[in-house]
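Take a look at the structure set out below.
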2 protein chains.
Amino acid sequence: MASDTKDRILDVAEALFADHGFAATSLRDITHDAGVNIAAVNYHFGSKDSLLAAVLERRIGPVNRQRLIMLDEAEAAAGEAGATIDALARALLSPPFRQCLVGERGPVKFQQLAGRIHAEPHAHARAILLAQFGEITRRFVPAFRKALPHLSEDEAGWRLLFVVGAMAHTMMSPHMFELCGGRQPDDSEELLEALVQFVVAGLKAPAAARTSRTSPTAGAVA
Amino acid sequence: MASDTKDRILDVAEALFADHGFAATSLRDITHDAGVNIAAVNYHFGSKDSLLAAVLERRIGPVNRQRLIMLDEAEAAAGEAGATIDALARALLSPPFRQCLVGERGPVKFQQLAGRIHAEPHAHARAILLAQFGEITRRFVPAFRKALPHLSEDEAGWRLLFVVGAMAHTMMSPHMFELCGGRQPDDSEELLEALVQFVVAGLKAPAAARTSRTSPTAGAVA
DNA sequence: GTCTATATGCGGATAGAC
DNA sequence: GTCTATCCGCATATAGAC
């Protein structure tokens, strides 16, 4: 069956891109693991680049739709006051974490891939991300700014960057847990709670004082 | 001169690995940009893998030494009480940011590379990181735990992961700034202050309540 | 839709002259 | 130490039979 082949390729590609990165994964690796012929990739997707696009789009779309649904709910519930930081953080972070509970084969690997792709230099990948995240940025940045009126525009943007960084890195487990000496959580939900707790507090922090006093030890290293 | 060739290769490799990733950068690209012969890489470094190791080690060593110096200072200044979160965060984050001010050609690119390499799946790269960060983890984790006694061992480890994620992502600018709609800072110091402010507040957050109530909209997406 | 066979180019690494 | 020339394997992509 055609769709079976196509889905098997997508699933295996997702897993291998997540494990080894895009450039280091060959179509031969993918088709071998999927048990399909090498020519099938080109028949169904046209090229390796297009395959990556298909892998990404299959998952990012639903996650981002869910984010916007939760954002709408949070804003509706809060009325004039605007959504709380906690609600905004959950709207942004919980959909990608939750998705790993949906299926059996793919989504858990996509969590890793999503984390990795944020750092991937591949032009196609970044273009896809940019396109898919356009609306997310457009909706979330003003919502965060409304909830964080004490921050300058720049600092609000940077804090969002910190949040995304913490999220992306966390989603790249297990590569990351060994670095920090932490235990891998049995429960994705537990890790999500810890992350939300962290970023909410970080977002609520007072604006940074512009003290650029240099540390006494700066430059003391060879 | 021999050392000139070697350094030029290191500088160019650092820049290209940072821009395109390890797997996507060929030795031909590197030697072309450096204006040296293709065979020079193998003569001076032995292999592409060893070149990567050399690129990483040249920068990580000094940064991590500086981190340990600042950690020692912070602990000495605080005495029995243990270092403050603020001092620990600065000891961890400021050396890699500061290094971008040291030279002209290389270090600014290394900031990007360091961010990227955290996400790179390449086995050699991760082994090098693990080796170089062994002592950092060994010293910083207990210090953070002492300063954060209200957290479980797991949660303290995870928060460190969040901190490293926010740092790594931030250091990968400019790739990242376009995603979040933020302005690129003119001053690295300004961005560092914002990051410290954010992570200190996040680290100090109360322990996460174990409420795993599922959101009403979970699973509502196609 | 699926396969085999193959075109074509780029990759890392090396041999050996200078 | 630096160069040219080359080995050899793997990469993506395609042509064309079934």
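None of these values were measured; they are calculated from a predicted model. Worth knowing before you read on, the calculation uses all heavy atoms, side chains too, and leaves out hydrogens, waters and symmetry mates. Below, read A as the first sequence line, B as the second, and so on, with proteins coming before strands; counting in each chain starts at 1.
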Where the side chain of [X] meets the backbone of [Y], is there a donor-acceptor pair that is under 3.5 Å apart?
X: B/Thr31; Y: B/Arg28; result: yes
X: B/Asp86; Y: B/Val200; result: no
X: B/Thr170; Y: B/Ala166; result: yes
X: A/Lys48; Y: A/Thr25; result: yes

With the sugar-phosphate defined as primed atoms, P, OP1 and OP2, and the base as all remaining atoms, what B/S/- string results for nucleotides 12-18 of chain C, 5' to 3', for protein heavy atoms under 4.0 Å?
BBB----
Would you indicate, yes or no, if D/dT2 has its OP1 or OP2 atom less than 4.0 angstrom from a side-chain nitrogen or oxygen of B/Thr5?
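Checking B/Thr5 against D/dT2: at least one side-chain N or O falls below 4.0 Å of OP1 or OP2.
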Between D/dT4 and B/Asn37, is there an OP1 or OP2 to side-chain N/O distance shorter than 4.0 Å?
yes
Return the value, rounded to whole Å, for the distance between atom [atom1] of [X] and atom [atom2] of [N].
X: B/Asp29; N: C/dG11; atom1: CG; atom2: C1'; result: 11 Å
X: B/Leu51; N: C/dG11; atom1: CG; atom2: C1'; result: 15 Å
X: A/Phe45; N: D/dA13; atom1: CZ; atom2: P; result: 13 Å
X: A/Ile30; N: D/dA11; atom1: CD1; atom2: C1'; result: 12 Å
X: B/Ile9; N: D/dG1; atom1: CD1; atom2: C1'; result: 11 Å

Check this for me, if you would: do B/Arg8 and B/Asp33 make a salt bridge, where the nitrogen-to-carboxylate-oxygen distance has to be below 4.0 angstrom?
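Salt bridge absent between B/Arg8 and B/Asp33.
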How are the rings of B/Phe198 and A/Phe162 set to each other: parallel, tilted or perpendicular (split at 30° and 60°)?
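Rings of B/Phe198 and A/Phe162: tilted, as their planes differ by 30° to 60°.
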